[in-house]
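Everything below concerns the one structure shown next.
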Amino acid sequence: MQIRRRYSRSRLTLMDAVVGTILTLMALLVILPFYNAIMISFVTESEYFRNPFILFPHEPTLEAYTTLLDTGNILAGYGNTLIHIAIGLPISMFITFALGYVLSRPAFPGRRFLYVFVLITMLFSGGMVPSFLLIRSLDLMNTRWSVILSCLLSTYYVVLVTNFIRSLPGSLLESARLDGASEATILVRIVLPLSKPILATIALFYAVDKWNEWWNSMLYINRMEMYPLQLILQNIINTYQSATDRNIASADALNRLKTFSMGIKMAAIVVTMLPIMCVFPFLQRFFVKGIMIGAVKG
């Protein structure tokens, strides 16, 4: 009996070592490329060409970041993106949660038809041309609402909210109805407080989607001062890349080509990802629970 216990303990320790090694290697595969991108953003062109994989820069410089700040209205892009999030996120959260609650109620008339109608939009869409014509017919071109309304709702997030609310104890909601609570009271006083995990999850999803949004802005906005951060960074990267590849650049770009394009790209990655990485740890404890419960029950 003692031999079996020792054997099981040694086997368990060996498995722990194997699993720990695998997880460590997987973590390094994720962390090292991002760490290398950060280091490249702080080095000169000559040091990068001597050693593309940089652990510690020998000649650190902030030239890539100063170039980004001096070119293309980065601060204005930050402001426009934050405005889109500040206006669009609450509206998206309200519509998503309200629609998810309606679809989760079995007694709601036409629920099945509405649920199928929502799911169809996950497989088929009207396309870019009808969306463009709709935005233009509503006279929303070159306005913030063209971007906010075009990415207002995600049907996948609606499904997550619907499945999460379905997983709540039905007896709890039924007892509230027996006590005379209305649907609005049940929604605000019971369902909403219990839905904090899924709300935090879809809030993070929507925030990331709106932070990374650039396609709709490129289609519907022609004014540089209204460009979001991602579109401004893309224009800067394309300008430097084309100037480097073709040796053609404007006078302003020629003065800044001392900063090599790879450093500009890596600095743009850092500038883009840093705010989201600062917010994610505060929502992580809700994230796993919300996505697991919302994706299990169909």
Side-chain angles (χ1 to χ4, degrees), residues 41 62-96 125-154 203-246 248-259 261 263-279:
S41 67
L62 296 175
E63 189 174 358
Y65 292 96
T66 55
T67 303
L68 279 179
L69 292 176
D70 294 338
T71 308
N73 299 323
I74 295 296
L75 296 180
Y78 264 113
N80 292 328
T81 300
L82 292 176
I83 290 174
H84 293 167
I85 295 176
I87 298 176
L89 182 58
I91 301 176
S92 298
M93 292 289 293
F94 174 78
I95 296 177
T96 302
S125 64
M128 181 179 65
V129 175
S131 300
F132 181 85
L133 295 177
L134 176 62
I135 293 296
R136 191 176 66 175
S137 64
L138 295 175
D139 198 20
L140 295 177
M141 297 295 292
N142 287 321
T143 64
R144 302 189 190 277
W145 288 107
S146 63
V147 179
I148 294 173
L149 295 178
S150 58
C151 54
L152 190 63
L153 183 68
S154 171
L204 179 63
F205 283 168
Y206 272 127
V208 172
D209 291 344
K210 296 178 188 302
W211 180 266
N212 294 328
E213 202 286 319
W214 63 273
W215 175 253
N216 293 312
S217 301
M218 184 182 67
L219 292 178
Y220 307 135
I221 296 179
N222 298 322
R223 297 163 56 185
M224 177 70 72
E225 63 273 13
M226 296 184 63
Y227 281 0
L229 177 64
Q230 304 296 337
L231 187 56
I232 290 177
L233 292 177
Q234 184 191 39
N235 291 338
I236 294 174
I237 292 174
N238 290 339
T239 299
Y240 277 84
Q241 187 64 43
S242 60
T244 303
D245 294 342
R246 304 177 185 177
I248 300 174
S250 63
D252 185 56
L254 285 172
N255 293 330
R256 293 189 173 93
L257 276 180
K258 297 177 182 178
T259 307
S261 60
I264 293 291
K265 292 178 183 178
M266 298 301 107
I269 291 175
V270 175
V271 168
T272 302
M273 295 184 63
L274 188 59
I276 295 297
M277 293 180 63
C278 294
V279 173

If you define the side chain from C-beta out and look only at heavy atoms, does anything of [X] sit under 4.5 Å from [Y]?
{"X": "Met93", "Y": "Thr96", "answer": "no"}
{"X": "Lys210", "Y": "Ser92", "answer": "yes"}
{"X": "Leu233", "Y": "Trp214", "answer": "no"}
{"X": "Glu63", "Y": "Thr67", "answer": "yes"}
{"X": "Ser131", "Y": "Tyr220", "answer": "yes"}
{"X": "Val271", "Y": "Tyr65", "answer": "yes"}
{"X": "Asn216", "Y": "Ile221", "answer": "no"}
{"X": "Met141", "Y": "Phe132", "answer": "yes"}

What closest approach, in Å, do [X] and [Y] show between heavy atoms, and which atom pair accounts for it?
{"X": "Ser41", "Y": "Val270", "result": "OG-CG2, 4.3 Å"}
{"X": "Ile148", "Y": "Gly88", "result": "CG2-CA, 3.8 Å"}
{"X": "Gly127", "Y": "Pro130", "result": "O-CD, 3.6 Å"}

Q. For the side chain of Tyr206 and the backbone of Ser154, is there at least one donor-acceptor N/O pair under 3.5 Å apart?
A.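 Present.
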Q: Mark yes or no for whether Gln230, through its side chain, and Ile232, through its backbone, hold a donor-acceptor pair below 3.5 Å.
A: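 Judged by distance alone, no pair lies under 3.5 Å.
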Rounded to the nearest 0.5 Å, what separation is found between the [atom1] atom of [X] and the [atom2] atom of [Y]?
{"X": "Thr143", "Y": "Leu149", "atom1": "OG1", "atom2": "CG", "result": "8.0 Å"}
{"X": "Leu153", "Y": "Ile95", "atom1": "CG", "atom2": "CD1", "result": "6.5 Å"}
{"X": "Thr272", "Y": "Asn212", "atom1": "OG1", "atom2": "CG", "result": "7.5 Å"}
{"X": "Leu89", "Y": "Leu152", "atom1": "CG", "atom2": "CG", "result": "10.5 Å"}
{"X": "Leu229", "Y": "Leu75", "atom1": "CG", "atom2": "CG", "result": "10.0 Å"}
{"X": "Leu133", "Y": "Leu138", "atom1": "CG", "atom2": "CG", "result": "11.0 Å"}

Q. Yes or no on side chain to side chain contact (heavy atoms under 4.5 Å, CB included) for Glu225 and Asn80, after CA distance, side-chain angles and deciding distance?
A. CA-CA 8 Å; Glu225 63 273 13; Asn80 292 328; 5.9 Å; no
Q: Taking atom types as modelled, find out whether Ser217 and Tyr227 have a side-chain donor-acceptor pair closer than 3.5 angstrom.
A: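 Side chains of Ser217 and Tyr227: no pair found under 3.5 Å.
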Q | Aromatic contact, Trp211 with Tyr78 (centres under 6.0 Å) | A |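 Yes, ring centres under 6.0 Å apart.
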Q | side-chain contact (heavy atoms from CB on, under 4.5 Å), paired with Glu213, selected from Ile85, Val208, Leu231, Val147 | A |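 Testing Glu213 for a side-chain contact (heavy atoms from CB on, under 4.5 Å) against Ile85, Val208, Leu231, Val147 leaves exactly one candidate, Val147.
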